[in-house]
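Have a look at this one before I ask anything.
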Amino acid sequence: MRLFRQFRSIRTQFALTFILLMGGVIAVCLILNQTLLGPYYIREKQKTLEEVFTLLNSSSGSGQLEQEEDVDRLERALGRNNIGLILIDQSSRTIKSYSSDGAAMLKRLFDNLLGAGRTEQGGPESGEEEMTPVYGEDGTTLINLLKTSDHYIVQTVMDVRSGSRYMELWGTLEKGEFFLMRTALEDIENSAVIANRFFLLSGLAVILMGTALSLWFSGRITGPVRRLTEVSDRMKQLDFSAKYGGGGSLEVEALGRNMNELSEKLETTISELKTANNELLDDLKEKEEMEAVRREFLGNVTHELKTPIALIQGYAEGIQDGMADDKESLGEYVGVILDEASRMDRMVKSLLTLDHIESGAESVTMSRFDLSAMIRRLVQSSQLLAEKQDVKVVLDLPDELYVWADPMLTEEVFLNYFSNALHYVKEVNGEKVITVRSGQGGEKDKAVTVTVFNTGDPVPEESIPRLWEKFYKVDKARTRAYGGSGIGLSIVKAIMERMNQQYGVTNYDNGVAFYFTLDTENA
């Protein structure tokens, strides 16, 4: 897979494209060189001979062939193109000869004029281009008749003895002179093979060097793109720490800067979205918790009100139906109705108090007051109820104990603790005891801890965390018996949290103690 990805990379494709392009160019050149070089070479030689013929014919026709200027031009043309020339008049007298072997040239001219080296069917007059090889007296044979015109014939011949090929242009000039121009034809096939081999080797060298250069250039070009790809891959994985470090063309640098800015904006946006999402989850969780509390609250209220309402309705219907036909029965029925109505009234008031405290509608007014005096006053008001239950109340308090708190709310907390102690106190070692004491303690240095202890059964350990929940009752039957609603400790919790104080419960072998703390100095 990694190799496939590398093959698909821009750098590799760039190099392969260059190799294929150069290889195709070399292949086309080799094919063209092999197939078209020979015909092209022949045409160029023929064109050169015809141009020299035109120069020779024009000079001869004007009667100025003997002029030095014409001779110089003709000699330059013949020498430049390696052309031999023999020119004779109608009396077979040689006029001009430009060749290292004038006799051979003259012999070739006579052979052509006399038709030697041709078949009887072939010849300039017949217009045949394909000739049957027939050897002349000098061992020269006609290979191909290239062109015939009114004044000359162009043909290729071979000297069998030397294996050399020539192109000849011979005929008559306008003034009647006979001429022969002859130029050697190189072995174009061998030359093409050599040229192709050289071209192939050169092409391979060019391909190798070009490939190396293309890889280097493509690396320079694709390097920044590859770094941008790596940055985008890390961004795809939400890793926005990756940044483009620069380099490359102006366009790539601009793209890199844009990607860096995009990365920063995405990181900021995603962070904001995560924060908003977290807040939304918290809101949803809080809403679900509130909904659960609401349902539980409605269920508890419904449950708590159902019993007294049923009793009130039942006893009221009994009175209506005449079941209380005497004064004593009527008083009993009316007493139950009043007790249950009073129970509902206390529960409703407690709920309103708790709601006011939790919602903040009940303001906390901090003031300095004597806590010992308050506790003694509240215990004195409940002394008759304690004596009725044979409960011994012990106060372990200093003569004066000044604290900073809300007096009304503090009174509510103590009354809830003391009321619970009166209802749940039991005889231990032959006596029922409620002890109220104060002492230094708590997390704050300047704080006092007030503890209300009653002898009896400890609170079950599994119930301790739930004591402060609304309507939670450890002993529902007993709570019902004394008219409790399970809201008192919830009120204690709300008050103490509003005043930023501690509260709790501690089990002992012979009873249970509830406590709360207050500041002795103004914070």
Query raised in the report: How about Tyr503 and Trp468: are their ring centres within less than 6.0 Å of each other?
Result: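 Yes; Trp468 has its ring centre under 6.0 Å from that of Tyr503.
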
**Report entry** Close side-chain approach of Tyr417 to Val492, heavy-atom, < 4.5 Å
**Finding:**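 Side-chain contact under 4.5 Å: yes.
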
Query raised in the report: Taking all non-hydrogen atoms of both residues, which atom of Thr410 and which atom of Met374 are closest, and how far apart?
Result: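 For Thr410 versus Met374, the nearest heavy atoms are CG2-SD, 4.2 Å.
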
Requested in this report: For Arg377, check salt bridge (charged side-chain N to carboxylate O under 4.0 Å, His left out) against everything at least two apart and list the hits.
Outcome: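 Scan of Arg377 (salt bridge (charged side-chain N to carboxylate O under 4.0 Å, His left out), adjacent residues dropped) gives Glu411.
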
Requested in this report: Just do the side-chain contact (heavy atoms from CB on, under 4.5 Å) check on Gln389 and Val425 with the steps written out, would you?
Outcome: CA-CA 9 Å; Gln389 298 181 221; Val425 65; 4.3 Å; yes

Query raised in the report: How about Asp519 and Gln501: does a side-chain donor come under 3.5 Å of a side-chain acceptor?
Result: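 Indeed, the side chains of Asp519 and Gln501 share at least one donor-acceptor pair under 3.5 Å.
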
Query - Lys/Arg-Asp/Glu bridge criterion (N-O < 4.0 Å) met for Lys47, Glu44 - result: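 Salt bridge absent between Lys47 and Glu44.
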
Query raised in the report: Counting distance only, does the side-chain N/O of Glu412 pair as donor-acceptor with the main-chain N or O of Ile491 below 3.5 Å?
Result: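 Not a single qualifying donor-acceptor pair exists.
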
Query raised in the report: Applying salt bridge (charged side-chain N to carboxylate O under 4.0 Å, His left out), which residue pairs with at least one partner in residues 390-407 are found, sequence neighbours left out?
Result: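 Qualifying pairs: Asp396-Arg437.
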
**Report entry** Distance (rounded to the nearest 0.5 Å) between Ile42 CD1 and Met167 CE
**Finding:**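 Here the interatomic distance stands at 4.0 Å.
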
Requested in this report: Answer whether the closest heavy-atom distance between the side chains of Leu395 and Arg376 falls below 4.5 Å.
Outcome: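 Yes; the side chains approach each other to less than 4.5 Å.
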
Report task. Look at the side chain of Asp370 and the backbone N and O of Ser372, then say whether any donor-acceptor pair between them is shorter than 3.5 Å. Result ->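 Checked: pair present.
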
Under 3.5 Å donor-acceptor pairs involving side-chain atoms of residues 505-514, not counting sequence neighbours:
{"unit_1": "Asn507", "atom_1": "OD1", "unit_2": "Val459", "atom_2": "N", "d": "2.8"}
{"unit_1": "Asn507", "atom_1": "ND2", "unit_2": "Val459", "atom_2": "O", "d": "2.7"}
{"unit_1": "Asn507", "atom_1": "ND2", "unit_2": "Glu461", "atom_2": "OE2", "d": "3.2"}

Query raised in the report: In Å and rounded to the nearest 0.5 Å, what is the CZ to CG distance from Arg466 to Leu489?
Result: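 One gets 13.5 Å once the value is rounded to the nearest 0.5 Å.
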
Query raised in the report: In Å, rounded to the nearest 0.5 Å, how long is the span from CD1 of Ile434 to CZ of Phe418?
Result: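 Atom-to-atom, Ile434:CD1 and Phe418:CZ are 4.5 Å apart.
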
